[in-house]
Amino acid sequence: MRKTKPLYEGKAKILWETDSPGRMVQEFKDDATAFNGVKHEIISGKGVLNNRISSHFFTLLNEAGVTTHFVEKLSDSEMLVDRLEMLPIEVVVRNVAAGSMVKRLGIEAGRRFDPPIVEYYLKDDGLNDPILSEEHVTALGLATHELLAEIRTAAIKVNDILTDFLDERGIRLVDFKLEFGLKDGCLVLGDEISPDTCRFHDKTSDRIMDKDRFRQDLGGFIEAYNEVLDRVSS
Ligand code: UDP
């Protein structure tokens, strides 16, 4: 299997076409961005850490019966994935109030949600990824009722699996973002699952172990990602 040409370059990853039909290489970059690309830095080592952490999570999910695009980790910064037709929706699951939700609704950070809240956002940087109701998703033709129900069920299942797994390793899963696609008409989880796309707090000290360290200029970024990797691989 050989990489042929870059098909899509995003803020943190490059997707490469390969000579293997239906397969792509997902390469993790060292670029860190926040606030829709307004804040941007290169953080050496981030791509390797996110590839390792994401590979662990995808392996865990595949074994638990969630269909993901992950095939195998190829190198330090690359994984082999199935080619998907991506849905232009970001699915966010929230167990604890944080980030944009706290600002939007004026609620206190740290409030727990049981059951968790599932939200949908339109993946459109030009519009700043606006939040969508389920009616928006179906009325705009982004997904049918049936597909949306499947997405919601899958997102909750991912949350259940990751919450338990991380809890055993002393990490509270505050919230996270998923992106799904279709392969031969079937729903498949794509993208990445890493401290760039999740909020992880240490269960005992509440220490932030995710991209909020970059967003909020807290320092200790690579150390936190390294610690997530250590705990996830233990
Ligand atoms: N998230 C993401 N990409 C985005 C927006 C959000 O990975 O474009 C993740 C983010 O890291 C957090 C969760 O989704 O784990 C919820 O993010 P939120 O809506 O609070 O937005 P933020 O505070 O990151 O702007």
Side-chain angles (χ1 to χ4, degrees), residues 8-13 15 26 28-41 43 46-47 49-51 53-54 57-58 61 68-69 86-113 116-133 136-137 142 151-152 154-156 158-159 161-163 165-167 171-181 189-202 206-218 221 224-225 228 232:
Y8 169 80
E9 178 157 5
K11 289 180 222 133
K13 297 187 293 296
L15 273 175
Q26 178 161 264
F28 290 74
K29 303 194 292 180
D30 284 339
D31 298 63
T33 62
F35 315 119
N36 203 6
V38 172
K39 184 173 157 97
H40 179 216
E41 276 173 37
I43 302 182
K46 183 181 82 95
L49 285 164
N50 278 351
N51 186 38
I53 294 166
S54 244
F57 285 139
F58 279 131
L61 293 172
T68 82
H69 69 157
M86 294 305 290
L87 301 166
I89 304 171
E90 297 192 345
V91 181
V92 169
V93 181
R94 299 183 187 272
N95 298 302
V96 181
S100 71
M101 183 199 209
V102 164
K103 284 197 206 115
R104 189 169 52 244
L105 301 180
I107 57 173
E108 220 178 297
R111 183 160 156 183
R112 309 277 173 119
F113 302 115
I117 295 174
V118 182
E119 296 175 342
Y120 309 94
Y121 293 84
L122 181 66
K123 197 170 159 64
D124 187 327
D125 283 343
L127 295 175
N128 231 336
D129 296 347
I131 193 164
L132 301 167
S133 69
H136 285 130
V137 173
L142 305 174
I151 290 171
R152 197 190 153 77
I156 295 287
V158 170
N159 186 48
I161 296 164
L162 295 186
T163 296
F165 177 82
L166 289 163
D167 185 71
I171 296 174
R172 185 183 312 119
L173 180 58
V174 171
D175 60 27
F176 59 95
K177 183 258 311 180
L178 300 175
E179 293 184 30
F180 291 89
L189 178 61
D191 197 49
E192 68 178 292
I193 306 175
S194 75
D196 271 12
T197 61
C198 304
R199 285 194 169 94
F200 299 132
H201 292 179
D202 181 81
D206 288 330
R207 191 162 42 89
I208 293 170
M209 304 170 73
D210 56 60
K211 201 167 97 172
D212 275 348
R213 299 210 75 83
F214 171 74
R215 294 188 187 99
Q216 299 172 27
D217 284 320
L218 299 175
F221 179 92
Y225 278 45
V228 170
V232 161

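Start at 1 and go down the list; that is how both ligands and their atoms are numbered. In this text, all values refer to a predicted model and were calculated from it rather than measured experimentally.
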Subject >> Side chain, backbone, both or neither: S100 near ligand 1, heavy atoms under 4.0 Å >> reply: both

Original post:
Is any side-chain heavy atom of I171 less than 4.5 Å from a side-chain heavy atom of H201?
Top reply: no

Original post:
Taking the six-membered ring for Trp, are F200 and F57 parallel (under 30°), tilted (30 to 60°) or perpendicular (over 60°)?
Top reply: tilted

Original post:
Hey, are K39 and D217 close enough for a salt bridge, meaning a charged N less than 4.0 Å from a carboxylate O?
Top reply: yes

Original post:
To the nearest 0.1 Å, how far is atom 4 (C) of ligand 1 from its closest protein heavy atom, and which atom is that?
Top reply: E90 OE1, 3.5 Å

Original post:
Can you list the ligand 1 atoms lying under 4.0 Å from a non-hydrogen atom of D196?
Top reply: 7 (O), 11 (O)

**OP:** Among residues two or more places apart or on two chains, list those pairs meeting salt bridge (charged side-chain N to carboxylate O under 4.0 Å, His left out) that have a residue in residues 96-110.
**Re:** R104-E119

**OP:** For ligand 1, indicate whether the residue R94 contacts it via side chain, backbone, both or neither (heavy-atom separation under 4.0 Å).
**Re:** side chain

Subject >> Nearest neighbour of atom 11 (O) of ligand 1 from the list R215, K177, K211, on a heavy-atom basis >> reply: R215

**OP:** Within a distance under 4.0 Å of any heavy atom of D129, pick out the atoms of ligand 1 and give their elements.
**Re:** 8 (O)

Original post:
Any protein heavy atom under 4.0 Å from atom 6 (C) of ligand 1?
Top reply: no

Original post:
Which residues satisfy the side chain to side chain donor-acceptor pair (under 3.5 Å) test with E9, sequence neighbours excluded?
Top reply: K29

Original post:
What atoms of ligand 1 come within less than 4.0 Å of a heavy atom belonging to G99?
Top reply: 20 (O), 23 (O)

Original post:
So do the side chains of F221 and K46 get within less than 4.5 Å of each other, counting heavy atoms only?
Top reply: yes

Original post:
Side chains of T163 and N159: donor-acceptor distance under 3.5 Å anywhere?
Top reply: yes

Subject >> Test item: N36 side-chain N/O and D125 main-chain N/O as donor-acceptor pair under 3.5 Å >> reply: yes

Original post:
Against heavy atoms of R199, which atoms of ligand 1 measure under 4.0 Å?
Top reply: 12 (C), 15 (O), 16 (C), 17 (O), 18 (P), 20 (O), 22 (P), 23 (O), 24 (O)

Subject >> atom 13 (C) of ligand 1 - nearest protein heavy atom and its distance >> reply: D175 OD1, 3.5 Å

Original post:
Counting each atom of ligand 1 from 1 as listed, which ones have a heavy atom of V92 under 4.0 Å away?
Top reply: 14 (O), 16 (C)

